[in-house]
Amino acid sequence: MTEIRTPLRRRPAQRRSAERVQRMLDACAEILDEDGYDGLTTTRIAQRAEVAIGSVYQFFPDKRAVAQALALRNLEEFGRRVSRRLAEGGFAHWTDTVGAIIDIFVDMHRTVPGFRELRFGDVADSNLLDSDSDNNSVVAGRLRRMIVENFQVAETPELDRALAIAVEAGDAVLKMAFRRAPGGDPQIIAEAERLIHGYLADHIKDG
């Protein structure tokens, strides 16, 4: 997978600048929860973050870049949570991680500002995380690396394909769960876990 390029025009050199950028991302998340991507503007971000509009443009060329930075922050947080859970162990086989990963995703959907609307970026652009790969492919790639590292699984085209399909299918069913209920329909969430775990267990016989 290609290295994801930063959406920042320039990286903040001082802690105060870094904190200002984080305030902009927090503001972006709040506005997304309130009015969706269509209601997001750089002016509103600046007002909510209590910074000058020039400060926004100092680091971001447009609202898409701010959303991209927020989506990347979401991806990093998702990765940290999954990595911690995998390190705790207790899985008989790597395919048994499906429930834990879905639980993390669902919890972020319920509790992380902006995640409900933006998630990993599709509301803005299906290639928001990486111009060379769609967002779900980037997520699948992160999960693949963690599974390979934690379970000593061989990195094969079959594993790559299986995880790509699992992420795509899981994304579609979980979207359905959150369309049915703001906090996610628990029966549909359970079906998502059953569907993905069954698929992976059936298609990945070894490893």
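Counting from 1, the numbers follow the sequence of the chain as shown.
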Working for side chain to side chain contact (heavy atoms under 4.5 Å, CB included), residues Val51 and Arg23: CA-CA 9 Å; Val51 299; Arg23 287 209 312 276; 3.3 Å; yes
With a 4.5 Å heavy-atom cut-off, do [X] and [Y] have their side chains touching?
X      : Y      : result
Asp103 : Asp107 : no
Arg85  : Ile104 : yes
Ile189 : Leu174 : yes
Phe91  : Leu86  : yes
Met176 : Arg179 : yes
Met146 : Val82  : yes
Phe178 : Val106 : yes
Leu32  : Tyr37  : yes

Mind listing the closest non-hydrogen atom pair of [X] and [Y] along with its distance?
X      : Y      : answer
Ala164 : Ala140 : CA-CB, 4.1 Å
Val66  : Leu25  : O-CD2, 3.7 Å
Ala192 : Val173 : CB-CG1, 3.7 Å
Thr95  : Ala201 : CG2-N, 4.3 Å
Ala71  : Leu128 : CB-CD2, 4.0 Å
Phe78  : Met108 : CA-SD, 3.7 Å

Test log, rule side chain to side chain contact (heavy atoms under 4.5 Å, CB included), inputs Arg144 and Leu159: CA-CA 8 Å; Arg144 184 184 68 247; Leu159 177 67; 4.0 Å; yes
To the nearest 0.5 Å, how far apart are [atom1] in [X] and [atom2] in [Y]?
X      : Y      : atom1 : atom2 : value
Glu155 : Ile147 : CD    : CD1   : 10.5 Å
Glu158 : Arg161 : CD    : CZ    : 5.5 Å
Asn127 : Asp132 : CG    : CG    : 8.5 Å
Leu70  : Asp26  : CG    : CG    : 8.5 Å
Arg180 : Ile188 : CZ    : CD1   : 4.5 Å
Glu193 : Ile101 : CD    : CD1   : 10.5 Å

Does a side-chain N-to-carboxylate-O contact under 4.0 Å join [X] and [Y]?
X      : Y      : result
Arg194 : Glu191 : yes
Glu34  : Arg48  : yes
Arg73  : Glu76  : no
Glu77  : Arg81  : yes

[Y] backbone acceptor or donor facing [X] side chain under 3.5 Å:
X      : Y      : answer
Lys63  : Leu40  : yes
Arg116 : His109 : no
Ser133 : Asp130 : no

With Leu129, the side chain to side chain contact (heavy atoms under 4.5 Å, CB included) member among Asp122, Asn135, Asn136, Asn74: Asn135
Heavy-atom neighbours of Glu50 CD exceed 12 at 6.0 Å: no
Test log, rule side chain to side chain contact (heavy atoms under 4.5 Å, CB included), inputs Ser83 and Glu149: CA-CA 10 Å; Ser83 182; Glu149 291 168 3; over 6 Å; no
Partner set under salt bridge (charged side-chain N to carboxylate O under 4.0 Å, His left out) for Asp134, not counting sequence neighbours: none
Salt bridge (charged side-chain N to carboxylate O under 4.0 Å, His left out) between Glu19 and Arg15, worked out: CA-CA 6 Å; Glu19 290 172 350; Arg15 188 174 71 176; 3.7 Å; yes
Residues Phe105, Arg119; criterion side chain to side chain contact (heavy atoms under 4.5 Å, CB included); working and verdict: CA-CA 9 Å; Phe105 180 88; Arg119 290 143 60 97; 3.2 Å; yes
